[in-house]
Amino acid sequence: MIPPRLAVFDMDGTLIDSLPDLATCADWLLSQYGLPGITPAAVRPMIGDGVAVLVSRLLDHAGPAAARIDRPEAIARYMARYTPHSTDRSRSFPGTVAALAALREAGWHMAVCTNKPVAAARHILKVMDLEKWFVSVGGGDSFGVRKPDPRHLLGTIEQAGSTPARAIMTGDHHNDVASAIGAHVPVVFARWGYGRPEMEAGATVGADSITELPHLAGELRPA
């Protein structure tokens with residue numbers, strides 16, 4: 001049997017506008033250490049490499065005053081605060097549900113490949129009533145590697161019951177582009193997300209809205 005066509009999505013900045021909750025938690029964490037706060041605009045470019053890297057960037061941003069802070073402890077604090085508040089203000093991007101519905105109608109299966117821990121990713125998808133659209137969720141702790149390592153994307157594709165030759169990837173970060181290139185999978189760069197314009201380099205195509213996905217997917221992987 002021919003494997004199903006599979007549309008794989010990054011999560012933060014692609015499916016979900018999670019910046020409000022990530023930034024609120026970042027500001028809270030810095031306050032716990034008596035450090036100056038941080039704006040959502042400053043947090044935005046720090047997103048995309050997982051929680052550990054985000055927290056490390058927050059402490060680097062705080063400068064010498066944060067040099068003595070135990071980073072594993074700070075990461076644990078961040079996760080303990082963020083997990084129950086990860087859907088306070090985060091929302092799917094406009095047009096997301098309609099795009100997912102159109103893909104399903106066209107026979108596509110869908111999966112998520114995110115550097116978030118898989119339990120946190122599943123929790124957010126469930127609360128937002130998005131989990132039902134996806135046959136697989138590959139988190140940053142699912143395979144022992146994470147984006148930009150192509151094995152993260154390849155593992156997600158295999159877990160979803162498809163193959164690279166039948167898959168596409170959509171994401172807003174250079175990690176998404178790099179993992180797709182390494183996996184030999186076409187990649188749509190999500191210009192509506194958090195990535196800087198230069199991160200689109202190497203992408204197969206760019207899109208200004210998630211509503212373009214059903215059309216682009218059909219062009220990249222005809223039935």
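Here the structure is a predicted model, which is why all the values come from computation and not from measurement.
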Say whether [X] and [Y] are linked into one hydrophobic cluster, either directly or through other cluster members, by side-chain heavy-atom distances under 4.5 angstrom.
X   : Y    : result
V43 : Y82  : yes
L30 : M79  : yes
I47 : I75  : yes
L19 : L29  : yes
V53 : V118 : no

Show the nearest heavy-atom pair for residues [X] and [Y], with the distance to one decimal.
X    : Y    : result
P4   : G161 : CD-O, 3.5 Å
S18  : D12  : OG-OD1, 2.6 Å
P3   : T163 : CG-CG2, 3.8 Å
A121 : V137 : CB-CG1, 4.1 Å
G95  : T211 : CA-CG2, 3.9 Å
P148 : A178 : CB-CB, 3.7 Å

Would you say that [X] contacts [Y] through its side chain, given a criterion of any heavy-atom pair below 4.5 Å between the two side chains?
X    : Y    : answer
T14  : F93  : no
W28  : Y78  : no
D17  : R89  : no
F143 : L154 : no
N115 : H152 : yes

Result block: side-chain N/O donor-acceptor pairs under 3.5 angstrom for residues 101-112, not counting sequence neighbours:
| from | atom 1 | to | atom 2 | distance (Å) |
| --- | --- | --- | --- | --- |
| R104 | NH2 | K132 | O | 2.8 |

Practice task
Would you kindly say whether D88 and H85 are connected by a side-chain donor-acceptor distance under 3.5 Å?
Solution key: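 Yes, side-chain donor-acceptor contact under 3.5 Å.
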Exercise for the section: Answer with yes or no whether the side chains of D21 and S86 bring together a donor and an acceptor at under 3.5 Å. Expected result: no
Calculate, to the nearest 0.5 Å, the distance between atoms [atom1] and [atom2] belonging to [X] and [Y] respectively.
X    : Y    : atom1 : atom2 : value
M11  : L125 : CE    : CG    : 4.0 Å
L15  : T170 : CG    : OG1   : 8.5 Å
L100 : I210 : CG    : CD1   : 6.0 Å
S31  : I38  : OG    : CD1   : 12.0 Å
E219 : I168 : CD    : CD1   : 11.0 Å
W133 : S92  : CH2   : OG    : 11.5 Å

Handout entry: Salt-bridge criterion met for D10 and K147 (N-O under 4.0 Å)
Key = yes
Exercise for the section: Compute both the distance and the angle, then confirm whether R68 meets the cation-pi test with Y33: under 6.0 Å from the six-membered ring centre, within 45 degrees of the axis. Expected result: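 So R68 doesn't make the cation-pi contact.
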Main chain of [Y], side chain of [X]: is a donor-acceptor contact present, judged purely on distance under 3.5 Å?
X    : Y    : value
Y194 : M46  : no
E212 : D208 : yes
S179 : D176 : yes

Practice task
List the steps and the verdict of side chain to side chain contact (heavy atoms under 4.5 Å, CB included) for R81 and Q32.
Solution key: CA-CA 11 Å; R81 176 75 175 188; Q32 296 302 294; over 6 Å; no
Handout entry: Whether over 12 other heavy atoms sit under 6.0 Å from E158 CD
Key =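 For E158, atom CD is not crowded (no more than 12 foreign heavy atoms under 6.0 Å).
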Exercise for the section: Mind checking salt bridge (Lys or Arg N to Asp or Glu O under 4.0 Å) for R151 and listing every partner two or more places apart, or none if nothing turns up? Expected result: D149
Problem - salt bridge (Lys or Arg N to Asp or Glu O under 4.0 Å) partners for E200, two or more places apart - result: R191
Problem - Residues clustered with V127, ILVMFWY side-chain links under 4.5 angstrom - result: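 Joined to V127, directly or through intermediates: none.
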Practice task
If you link ILVMFWY side chains whenever their heavy atoms are less than 4.5 Å apart, which other residues fall into the same cluster as I181? By chain and number, please.
Solution key: L6, V8, V135, L153, I157, M169, V177, V185, V187, F189, M199
Practice task
Just grab all the salt bridge (Lys or Arg N to Asp or Glu O under 4.0 Å) pairs involving residues 52-61, residues at least two apart or on different chains.
Solution key: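 As it turns out, the salt bridge (Lys or Arg N to Asp or Glu O under 4.0 Å) pairs with a partner in residues 52-61, which skip direct neighbours, are D49-R57, D60-R71.
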Practice task
Dump the intermediate steps for side chain to side chain contact (heavy atoms under 4.5 Å, CB included) on S162 and R5, then the final yes or no.
Solution key: CA-CA 7 Å; S162 190; R5 290 186 296 173; over 6 Å; no
Practice task
Quick one: do L130 and I16 satisfy side chain to side chain contact (heavy atoms under 4.5 Å, CB included)? Show the steps, please.
Solution key: CA-CA 10 Å; L130 294 174; I16 295 170; 4.2 Å; yes
